[in-house]
Amino acid sequence: MNQSTPATPQYEPDVDRSAPLNPSEIFPFPLDDFQLEAMDALNQGHSVVVSAPTGSGKTLIGEYAIHRALAHGQKVFYTTPLKALSNQKLRDFRDEFGAENVGLMTGDLSVNREASIVVMTTEIFRNMLYAEADEHDDPLADVEAVVLDECHYMNDSQRGTVWEESIIHCPPTVQLVALSATVANAGQLTDWIEKVHGPTTLVMSDHRPVPLQFSFCSAKGLHPLLNEAGTGLHPNCKVWRAPRGHKRKGRSQRPPQPEPPPISFVVAQMAERQMLPAIYFIFSRRGCDKAVRDLGVQCLVTQEEQARIKERLTAYSHDNPEAVRDGIHADALLRGIAAHHAGVLPAWKELIEELFQQGLVKVVFATETLAAGINMPARSTVIAALSKRTERGHRPLMGSEFLQMAGRAGRRGLDSQGYVVTVQSRFEGVREAGQLAISPADPLVSQFTPSYGMVLNLLQRHDLAKARELVERSFGRYLAGLDLVEDEENLSQLRLQLSQLEGVAGDIPWEDFEDYEKMRGRLREERRLLRILQQQAEETLANELTMALQFASTGTLVSLKSPQLRGRVAPAVIVEKVKGPGQFPLLLCLTDENVWILLPCQAVVSIHAELSCLQVDGLEVPELSRSGELRHGDQASGGLALAVAHMARRHDMTTPQYDLAGEVLTQARLVRDLEQEQEHHPAHRWGDRKQLKKHRRRMEDLELEIAERQHLLHQRANRHWETFLALMEILQHFGCLDELDPTEIGRTVSALRGDNELWLGLALMSGHLDDLSPPDLAAVFEAISTEVNRPDLWSGFPPPAAAEEALQDLSGLRRELLRAQERAGVVVPAWWEPELMGLVDAWARGTSWSDLIANTSLDEGDVVRIMRRTVDLLAQVPYCEAISEQLRSHARQALKAINRFPVAEAEDLVPAPAALNPATERAA
């Protein structure tokens, strides 16, 4: 039996609150073990974290918490991440528990808020916790449990902080029921909730009541993706490889993929195998709308189903004539085909959801936002691509994103099997599909971020020490704490290594060592300079010596320098001149070591003309023909060699003539002095200086690494608190805090909710908006509270002059705020979107929806989102302290002018007259 239709028992008001509620009395069907385990934990008074696959029946545990609270005469808050999901839950709970027992609170609606079951967005619950509870009106009085549906939204980079703040500030007397899709670190989440909130039980399940079968669709057809064990690719899956010799173009190293199959082919293949209805995920709005067009006239419904769709569409068109999508989409809907994305009107999306749940729409082309929790189970899901564009570029899908979409397949009680189809794309093929299909879920990370509103609200209720304690309860701080243990251990290891090195080289005066190293460096430099001077003197003297040698007679004493003489300056005598290859002769010389050598004139580095020539006549000389050739002398030449050696001992014949140049001599003396100074330095007598230097370098590296790691640890452990202090400083600069006490300005800012509450508050209190008409006021509110990141943005409605002037008047204030944030190292956006002021002004002045949409490049869903952001801010204004009565009045009028269908919620969610600020649940 389908698990979504429990019986509704009648509760007696005097039921014993301590008695557990028997699930079998509520749910007339067998429950899964994990559901019973979670219900048992609730009966023990614990909070629970339920981590289970999408579609496994987690919601039933939330419903049990509701039945249990009602039986105890208590209340339950049921929170969801999206307004659309809140609306859907409201309708479901009204059917199940009766309209009088169910209320709704969203940014601009408060319906039956005193009811036993109140559905709300998680932001509203967080805001309620920050609001001051007085003895007459505690919003959490009589609340037994809070259900945090889709708790894995903690990973959302924009809004994840809301879940953490809600858990941190929720009173410990309230049981938390955190329902999450499968995540890798559910144990850490549970442990953290236990630390900051109270006893918490983790209930995990990987069982899917409707098993999934994974397929892959290429242009050749639809094939199984995984093997029978579900651990790898099916044996028949062929990983596509580029043809041999294929040359890649451009810089990409990724091999090209085969052509993707047409969408009509994929849908036809699925229809043939009875795999419809299906949600077909495409990661762009334009792609979804194009897919509807690409299916052409393909009809997926029977005549009877078409008649039912037509009847419902006619009724919808009658009630909402301006909320029907253009002809293509209305026609496609009659054929069982629709697109569902953020650019579609909420009312049209609700119509599609309703028809899909009835099994009348067979294929919905949707962006991944549909996977976020809207109750639209299907027999199959199709994932068109395994990567997507983000603000930071193109990236592969994460495991959890894939699981979330795949989990929509398989309707409990209707299907015995769910189907997940991955499709060949331009970027990915069967290999990537297989990897994602078996990849585990990703862990939850912390997105906790202090804001101006958080700072002011905490300081209104707590002293600084308590505020710090609350900030440091974040999931991020908890995760950092787990890492700190390991990091501290690594630091200890590094410190141990450092102390060991200090034991070896710690007693060495490193100042002396550094001084010695500097001296060695200088000596190296002076030696280099000496070599340069010698080279210059050698080049200068070379020509002079060569010329002189032409006239030198045999028997002349010379000094030779040649590689053949092993680099030493050798005393020698010229015995014979031999004709050389050029204009200068080769010299046959005999050295003091009785070696004959034939060398060019350039090998002579000194001529000793002042010494007497030696007698060489009659000496038998060897026949040497090549320059550089040498031969050892015999006894006959030995006497002459001795005479050369004798002269060399009496006169300096080993210093080249160029070394006797004045600057060379001076530099040589300096080098000698430095060498002596170095020898007398204390460090010269130490052991292996090379090893010591290596030790010293390692010690310095370790000291640097330890300092960096300590800084990183401090940053990770304290970054949230440091952000908090930086925001405090900015708030003090703008007069929102007097020391630590919120001023009237600060209390006004704390009553607001937005991306930058300080910017909104300063704009409201500036006085520049007081005299604006309601439409002009709405236009400025749009400009300061919304962001539209679209390059093709245009609007046919020019900004109204008064609104444009008022916005310009605020520019100086914004510049000052951004400068203050920059100085403090804080990044909080202060929106400035003047392009759409004319659009909001036109809507506030009564322009029809069709005219409005015809005059902008934005999709209808975008326009609704912008209008609703503006409505959210307008709804908060009347409850702010430090603003004029005129501004309050104009904000109410502007709100009334803008908040009409299709911007306003559908008629079945009519708001009651609000007595509280819907953003904070505070009284005016």
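- Pairs engaging residues 723-733 under the side-chain hydrogen bond (donor to acceptor under 3.5 Å, both in side chains) rule: His733-Glu816 [sequence neighbours left out].
- With sequence neighbours left out, the ring pair (Phe, Tyr, Trp, His ring centres under 6.0 Å) criterion links Trp831 to no other residue.
- Under a 3.5 Å cut-off, the side chain of Glu164 and the backbone N or O of Gly160 do not form any donor-acceptor pair.
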Exercise. In sequence, state the C-alpha distance, the side-chain angles, and the governing distance for Ile730 and Leu817, and then conclude on side chain to side chain contact (heavy atoms under 4.5 Å, CB included).
Key: CA-CA 8 Å; Ile730 297 167; Leu817 172 59; 4.2 Å; yes
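- The salt bridge (Lys or Arg N to Asp or Glu O under 4.0 Å) search around Asp862 returns Arg285, Arg790, not counting sequence neighbours.
- Taking the centre of each ring, Phe475 and Phe448 stay at or above the 6.0 Å mark.
- Residues passing the side-chain contact (heavy atoms from CB on, under 4.5 Å) test with Arg888, sequence neighbours excluded: Ile883, Glu885, Arg892.
- Scanning for ring pair (Phe, Tyr, Trp, His ring centres under 6.0 Å) contacts around Phe125 gives an empty result, with sequence neighbours left out.
- The aromatic rings of Trp843 and Trp849 sit perpendicular to each other, their planes meeting at more than 60°, with 30° as the lower class boundary.
- Salt-bridge formation is not detected for the pair Arg719/Glu722: no Lys NZ or Arg NE/NH1/NH2 atom is positioned less than 4.0 Å from an Asp or Glu carboxylate oxygen.
- Residue pairs meeting the salt bridge (charged side-chain N to carboxylate O under 4.0 Å, His left out) criterion with at least one partner in residues 818-827, sequence neighbours excluded, do not occur; the list is empty.
- Annotation: His340 is not in aromatic contact with Phe365 [ring centroid separation under 6.0 Å not met].
- Evaluation of the ring pair (Phe, Tyr, Trp, His ring centres under 6.0 Å) rule for His768 yields no partner, not counting sequence neighbours.
- A salt bridge does not link Glu123 to Arg753: none of the charged side-chain nitrogens sits closer than 4.0 Å to a carboxylate oxygen.
- Residues satisfying the salt bridge (Lys or Arg N to Asp or Glu O under 4.0 Å) test with Glu805, not counting sequence neighbours, are none.
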Could you go through residues 793-801 and list every donor-acceptor pair under 3.5 Å that involves a side-chain atom there, pairing it with any protein atom two or more places apart or in another chain?
residue, atom, partner, partner atom, Å
Ser795, OG, Phe797, N, 3.1
Ser795, OG, Phe797, O, 3.4

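- In this structure, Asp741 has no salt bridge (Lys or Arg N to Asp or Glu O under 4.0 Å) partners at least two apart in sequence or on a different chain.
- Partners of Phe77 according to the ring pair (Phe, Tyr, Trp, His ring centres under 6.0 Å) rule, which considers only residues two or more places apart in sequence or in another chain, do not exist here.
- For Lys290, the NZ atom counts as loosely surrounded, since its 6.0 Å shell holds 12 or fewer non-hydrogen atoms of other residues, nucleotides or ligands.
- A search for salt bridge (Lys or Arg N to Asp or Glu O under 4.0 Å) contacts involving Glu757 returns nothing, not counting sequence neighbours.
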